[in-house]
Novice: 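Pasting a structure here, questions to come.
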Amino acid sequence: MMRKLFYVSTAAFWVAVAGFWTGNLLLPGAEQTATAAEHAIGAAELARHAKPDDCWMAINGSVYDLTPYLPDHPSRPSIIEPWCGKEATEAYDTKTKGRKHSPEADALLPKYRIGRFVGAS
């Protein structure tokens with residue numbers, strides 16, 4: 001009896017996994033999400049997002065929308081705000097004080113990534 005229950009529940013699990021996988025492939029826009037992450041953003045577009053309520057930054061070749069993060073930053077948001085709309089790799093790498101951000105900060109960045117920075121356009 002227990003063996004039969006094990007086989008049935010295992011089969012049901014794999015059928016559910018296959019169903020979710022197939023459903024994900026068939027969803028319209030599944031490819032759009034992947035390509036949106038690779039949206040090319042030039043300096044002019046980046047500069048249009050230079051306010052605390054609309055703050056994008058380019059760091060190490062990627063563009064991040066840090067607007068939702070500003071209130072959560074461990075120090076005052078005013079420290080970050082001058083870099084909104086700009087290429088901020090050096091500021092990020094040195095905190096403008098000669099010290100690196102923590103590994104935790106590096107791990108947070110991908111959550112806010114919206115594209116790749118292509119420089120002047």
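In this text, all values refer to a predicted model and were calculated from it rather than measured experimentally.
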Novice: Can you check whether Y92's main-chain N or O pairs, donor with acceptor, with H101's side chain at less than 3.5 Å?
Specialist: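 Present.
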Novice: Please find the pair of heavy atoms, one from P68 and one from P71, that lie closest to each other, and give the distance.
Specialist: O-CD, 3.6 Å
Novice: In Å, rounded to the nearest 0.5 Å, how long is the span from CG of L108 to OH of Y69?
Specialist: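 L108 CG to Y69 OH: 5.5 Å, rounded to 0.5 Å.
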Novice: So, the side chain of T67 versus the backbone of C55: is there a donor-acceptor pair under 3.5 Å, distance only?
Specialist: yes
Novice: May I ask you to check whether over 12 heavy atoms, not counting those of K95, lie within 6.0 Å of atom NZ?
Specialist: yes
Novice: Quick one: NE2 on H39 to CD1 on I114, what's the gap to the nearest 0.5 Å?
Specialist: 7.0 Å
Novice: Would you say the side chain of D53 lies within less than 4.5 Å of the side chain of L70, judging by non-hydrogen atoms?
Specialist: no
Novice: Check the side chains of R116 and S62 for a donor-acceptor pair under 3.5 angstrom, ignoring hydrogens and angles.
Specialist: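 There is no such pair between these side chains.
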Novice: To the nearest 0.5 angstrom, please state how far the CZ atom of R3 sits from the CZ atom of F6.
Specialist: 9.5 Å
Novice: What heavy-atom pair brings V118 and A40 nearest, and what distance separates the two atoms?
Specialist: CG1-CB, 3.7 Å
Novice: According to a 4.5 Å side-chain heavy-atom criterion applied to Ile, Leu, Val, Met, Phe, Trp and Tyr, with indirect links allowed, do W83 and I59 form part of one hydrophobic cluster?
Specialist: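 Yes; I59 is reachable from W83 via cluster members.
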Novice: Could you grab the distance from atom OH of Y112 to atom CG of L66, nearest 0.5 Å is fine?
Specialist: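 Y112 OH to L66 CG: 8.0 Å, rounded to 0.5 Å.
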Novice: Please check if I41 and Y64 belong to a single hydrophobic cluster, counting links between Ile, Leu, Val, Met, Phe, Trp and Tyr side chain heavy atoms closer than 4.5 Å.
Specialist: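 No: no chain of side-chain contacts under 4.5 Å links I41 to Y64.
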Novice: Just how far is it from atom CD of E87 to atom CE of M57, taken to the nearest 0.5 Å?
Specialist: 11.0 Å
Novice: Looking only at non-hydrogen atoms, find the nearest pair between F117 and G42 and report the distance.
Specialist: CE1-C, 3.9 Å
Novice: Working to the nearest 0.5 angstrom, can you tell me the gap between W56 CH2 and K51 NZ?
Specialist: 12.0 Å
Novice: Would you call T10 and Y7 a side-chain contact if the rule is heavy atoms closer than 4.5 Å?
Specialist: no
Novice: Within the side chain of K86, is there an N or O that forms a donor-acceptor pair under 3.5 Å with the backbone of P82?
Specialist: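 Yes: the side chain of K86 pairs with the backbone of P82.
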Novice: Give the C-alpha distance, both sets of side-chain angles, the deciding distance and a yes or no for side chain to side chain contact (heavy atoms under 4.5 Å, CB included) between W14 and V17.
Specialist: CA-CA 5 Å; W14 286 111; V17 168; 4.1 Å; yes
Novice: Under a 4.5 Å cut-off applied to non-hydrogen side-chain atoms, are D93 and E90 in contact?
Specialist: no
